[in-house]
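Take a look at the structure set out below.
Worth knowing before you read on, the calculation uses all heavy atoms, side chains too, and leaves out hydrogens, waters and symmetry mates. Note that ligands are numbered from 1 as they come in the structure, with each ligand's atoms numbered from 1 the same way.
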Amino acid sequence: MIVRRKILGVFFLLFFIYSVVSAQGPEYYKKRRDSLLAKLENAAALVPAAWEKDLETFRQSNNFYYLTGVEQPSLLLLLSPAARSPEILFLPARNLAEGNLSEAWTGAKLGPGAETEKKTGVARAVDRSAFEATFAYLAGKIDRLYFDYDPSPLEGPVSAGEVMLKKLRDRYPHLEILPLSRITDSLRTIKDSVEIATLQKAVDITCRSLEETIRALEPGMYEYEVEALIEYGFHRRGSQRPGFSSIVGSGPNSAILHYNSNRRKIEPGELVLMDVGAELDYYTADITRTVPANGKFSDRQREIYQLVLKAQAAAIEAVRPGVAWKEVLQAARKVIEEAGYGEYFIHSIGHYLGMDVHDVGSSQPLEPGMVITVEPGIYLTEESLGVRIEDDVLVTQDGCRVLSASLPKSVEEIEALMRSD
Ligand SMILES: [Mn+2]
């Protein structure tokens, strides 16, 4: 196998070089960097790529991907209108030699130079070793730095981003260092047509996979079997990974909000709650359906289900530009409270959706181009009965569009789907 790989090496190199850059052309990301540069004035933005972790499939950090479309670790993007070159990508030199750190083992990489500049559209692509000197020169001309990093948990090892942050603070005490999210979140909250199309595809993959799983679902299956069917459906339809840990909760587990051990055997007469989302090209869906294990809701299950459905319809009805989140919540809450179940609706109405399942965004009023989830629920722990219904909704100029509208949702639709083979 290893010997063979050497012969095929040339093909691998060509293929991988092509594959580390996104399907969108370089101009697409250039526009985003320009929007960011327009906000910087006397500041700079420093965006590290995600660091590679052992035994984990690499996933680029959202902000780095948002600004470059490049899926490769160990890179740094430096943006500043005050610099001689407003955008510079720092990359390690390519390793074409033999040995287990060479590209024959790791796959081809982008390196410093004109080829990367052409492929990524970033004005300058230089060797990573030039970063220190370049930044030191720039630091004399700016007073603020936006830096992108994830703080590590208190008990975990210090993240590479934190190490870098400390170095920057020690070396450049005059710089005010702020989180990059201060300027990227507002850009990422409003989705453009490419992002909306990608989200729609991720939603469609999720809908079709849920649909075929609901049809196949029956008592006696384990929750993890249901999870596997859903995720197999995701991959078969082109999704790279689930956007978050799939939740499949049956019976008592349907009433646990973030249950995701998915180990229980599904018994007849129970409800099965599935809260899942396929990720496609860094955008994830987030959809919940709750169905009866044996294909028919009991009277009590139907009663609670219809109530949640009514609350969700009221909330979706409220979604349009200018409306506050709390008004959307209130629309659902009113329906559930009037029926006497207010204390069992224990979470909020939804969240922004995008590159993160709980995507960036503030509590500002809704605007066209935002994508949100609408997900009321009622959880009756004593009855082992939990119902949540969640759809993905795009805010439009005059209201909203439910991206996941093609997935059966009414009692009749779900029962009909489970009858068909
Ligand atoms: Mn959600």
>> Distance check below 2.8 Å: does D286 bring an N, O or S atom to the Mn ion (ligand 1)?
In response: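 An N, O or S atom of D286 is closer than 2.8 Å to the Mn ion (ligand 1), so yes.
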> So does H351 have any N/O/S atom less than 2.8 Å away from the Mn ion (ligand 1)?
Replying inline: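 Coordinating: yes.
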>> Restricting to N, O or S atoms, which atom of E390 is closest to the Mn ion (ligand 1)?
In response: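 Atom name of the closest N, O or S in E390: OE2.
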>> To make sure I understand the geometry: which N, O or S atom in E375 is closest to the Mn ion (ligand 1)?
In response: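 The nearest such atom is OE2.
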> How far apart are the closest heavy atoms of I349 and A332, and which atoms are they?
Replying inline: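 What the structure gives for the nearest pair is CD1-CB, 3.6 Å.
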> Within 45° of the six-membered ring axis of Y232 and under 6.0 Å from that ring's centre, is NZ or CZ of R236 located there?
Replying inline: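 Yes; both conditions hold, so R236 lies above the ring face of Y232.
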> Does NZ or CZ of R32 fall inside the cone over Y66's six-membered ring, less than 6.0 Å from its centre and within 45° of the axis?
Replying inline: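 Satisfied, under 6.0 Å and within 45°.
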>> Any non-hydrogen side-chain atom of K167 less than 4.5 Å from a side-chain atom of E132?
In response: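 Sidechains of E132 and K167: no contact.
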